[in-house]
Protein chains: 2
Amino acid sequence: MIADNAAQSAAVRNTRQRTAVSSLLAEVEGFHSAQDLHAMLRDRGERVGLTTVYRTLQGLADSGEIDVMRPPGGEHLYRRCSSGHHHHLVCRSCGSTVEVEGPAVESWADRVAAQHGFVDVSHTLEIFGTCKDCATA
Amino acid sequence: MIADNAAQSAAVRNTRQRTAVSSLLAEVEGFHSAQDLHAMLRDRGERVGLTTVYRTLQGLADSGEIDVMRPPGGEHLYRRCSSGHHHHLVCRSCGSTVEVEGPAVESWADRVAAQHGFVDVSHTLEIFGTCKDCATA
DNA sequence: TGCGTCTTTGACAATGATTTCCGCTATCCG
DNA sequence: CGGATAGCGGAAATCATTGTCAAAGACGCA
């Protein structure tokens with residue numbers, strides 16, 4: 001039997017697959033689904049399992065390194081975003097996204113939540129519309 | 001072969017099932033998943049297919065009569081809300097919801113979208129937190 | 001540097017909400 | 001009232017995501 005070796009610092013290991021996902025996200029623009037990213041990795045010649053892609057993305061999302069969006073349509077979309085909290089303005093037609101910031105909104109959300117006694121507050125905000133190009137086309 | 005009878009005004013039909021879903025939503029409080037609502041209808045003795053519940057909810061959501069929320073966790077939640085545009089403050093722990101309004105946020109979203117040339121703008125905003133009761137417990 | 005252990009991987013199956021299919025029924029209009 | 005069709009509904013299909021578990025690689029230590 002193996003005694004629980006408390007000394008083992010269970011840190012995150014630096015693996016080839018994790019690096020691959022991370023660097024891929026650093027290069028691509030816009031949002032991509034997990035399956036998209038998996039396909040891209042395969043095209044690049046990286047052998048990475050789909051399961052691993054999901055796990056890695058979840059980990060990155062948890063640690064705040066990437067953003068997750070749940071558009072109406074079912075798939076989760078992941079994106080490496082500029083640091084700092086912000087939201088997205090998304091075109092319904094062509095899918096292009098613009099990062100927008102609204103400090104006033106952040107503070108409003110926190111204030112409203114606090115008024116109702118809520119703590120540990122987070123929020124999601126997405127703006128959908130039709131961009132100029134798609135509207136004129 | 002059936003000739004296309006153009007005279008048939010293909011309007012929405014008023015069916016027992018649609019009425020049942022609608023009136024159920026008028027009575028219950030808070031958000032419920034489609035499957036929840038389906039179970040409630042069966043408890044009431046209404047014989048309504050799960051498929052129909054989904055279809056009806058989608059229709060009601062499209063016509064703006066009910067709100068849809070996509071919480072992290074997978075299920076779509078539906079709710080008959082008070083009239084007017086508003087958002088929700090949701091407790092992560094007990095699921096209780098508070099309707100909140102933020103005119104400033106609405107106008108901010110529209111303004112930002114307009115600045116980027118977006119038209120036909122809508123947005124989703126949800127605030128998550130831990131409510132007072134759950135925090136002290 | 002070599003070894004042992006433990007994390008991580010990855011192929012496959014399982015899950016579970018939502019959608020599709022298609023024959024049947026009920027509703028609506030004339 | 002009667003014919004035509006919108007809507008219903010049960011089951012099967014779909015599909016992204018998660019669980020499982022044996023095998024392989026990474027890291028700390030001697």
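Reminder, nothing fancy here: chain letters follow the sequence lines and each chain counts from 1. Heavy-atom basis, side chains included; hydrogens, waters and symmetry copies ignored.
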Return the value, rounded to whole Å, for the distance between atom NE2 of B:His38 and atom P of D:dG10.
-> 7 Å

Protein-nucleotide distance (A:Leu50, atom CG; C:dA13, atom P), rounded to Å = 15 Å

Roughly how many Å is it from CZ in B:Arg70 to C1' in C:dG16, rounded to a whole number?
-> 15 Å

Sorted by chain and number, sequence neighbours left out, side-chain contact (heavy atoms from CB on, under 4.5 Å) with A:Arg55 holds for A:Thr51, A:Thr52

Residues which pass side-chain hydrogen bond (donor to acceptor under 3.5 Å, both in side chains) with B:Glu65, listed by chain and number, not counting sequence neighbours | B:Ser63

Quick one: side-chain contact (heavy atoms from CB on, under 4.5 Å) partners of A:Asp120, sequence neighbours excluded?
-> B:Arg92, B:Thr130

Measure the distance from CG on B:Asn14 to C1' on D:dA6 and round it to the nearest whole Å.
-> 13 Å

Residues at least two apart in sequence or cross-chain that pass ring pair (Phe, Tyr, Trp, His ring centres under 6.0 Å) with A:His38, listed by chain then number, are none

Whole-Å gap separating C1' (C:dT18) and CD (B:Glu75) | 11 Å

Could you state the CG-P distance from B:Leu37 to C:dT18, rounded to the nearest angstrom?
-> 11 Å

Can you list the residues that meet the side-chain hydrogen bond (donor to acceptor under 3.5 Å, both in side chains) rule with A:Glu27, with sequence neighbours excluded?
-> A:Arg44

Which residue lies toward the 5' end of DNA chain D, B:Thr52 or A:Leu77, if each is placed at its nearest nucleotide?
-> B:Thr52

Restricting both atoms to N or O, compile the protein contacts to nucleotides 11-15 of chain D shorter than 3.5 Å, with distance only.
| residue | atom | partner | partner atom | Å |
| --- | --- | --- | --- | --- |
| D:dA11 | N6 | B:Thr51 | OG1 | 3.2 |

Answer yes or no: does a side-chain N or O of A:Arg18 lie under 4.0 Å from OP1 or OP2 of C:dT9?
-> yes

Using only side-chain N and O atoms of B:His76, determine if any of them is under 4.0 Å from OP1 or OP2 of C:dA17.
-> no

Any B:Gln17 side-chain nitrogen or oxygen under 4.0 Å from OP1 or OP2 of D:dG7 | no

Stepwise, does the side-chain contact (heavy atoms from CB on, under 4.5 Å) test hold for B:Met69 with B:Val90?
-> CA-CA 11 Å; B:Met69 189 174 53; B:Val90 188; 3.9 Å; yes

Linking Ile, Leu, Val, Met, Phe, Trp and Tyr by side-chain heavy atoms under 4.5 Å, what else ends up with A:Tyr54?
-> A:Leu50

Which of residues 54-66 of chain B have a heavy atom under 4.0 Å from DNA chain C?
-> B:Tyr54, B:Gln58

Residue closer to the 5' end of DNA chain C, A:Arg47 versus B:Thr15 (nearest nucleotide) = A:Arg47

Approximate separation, where rounding is to 0.5 Å, of B:Glu101 CD and B:His86 NE2 | 8.0 Å

Mind calculating the distance between CD (B:Glu46) and P (D:dC8) to the nearest angstrom?
-> 13 Å

Those residues that, when tested against A:Ala109, pass side-chain contact (heavy atoms from CB on, under 4.5 Å) (two or more places apart) | A:His123, B:Ile127

In short, the helix from C:dT1-D:dA30 to C:dG30-D:dC1 is bent end to end, axes from five pairs each side, to 10°, by 40°

Given a cutoff of under 4.5 Å between side-chain heavy atoms of I, L, V, M, F, W and Y, with clusters grown through shared members, what are the other residues clustered with A:Leu37?
-> A:Val21, A:Leu24, A:Leu25, A:Val28, A:Met40, A:Leu41, A:Val48, A:Val53, A:Leu57, A:Leu60, A:Ile66, A:Val68, A:Tyr78

Establish, from distance only, whether the side-chain atoms of B:His87 and B:Glu99 form a donor-acceptor pair under 3.5 Å.
-> no

All side-chain contact (heavy atoms from CB on, under 4.5 Å) counterparts of A:Thr124, not counting sequence neighbours | B:Glu126, B:Phe128

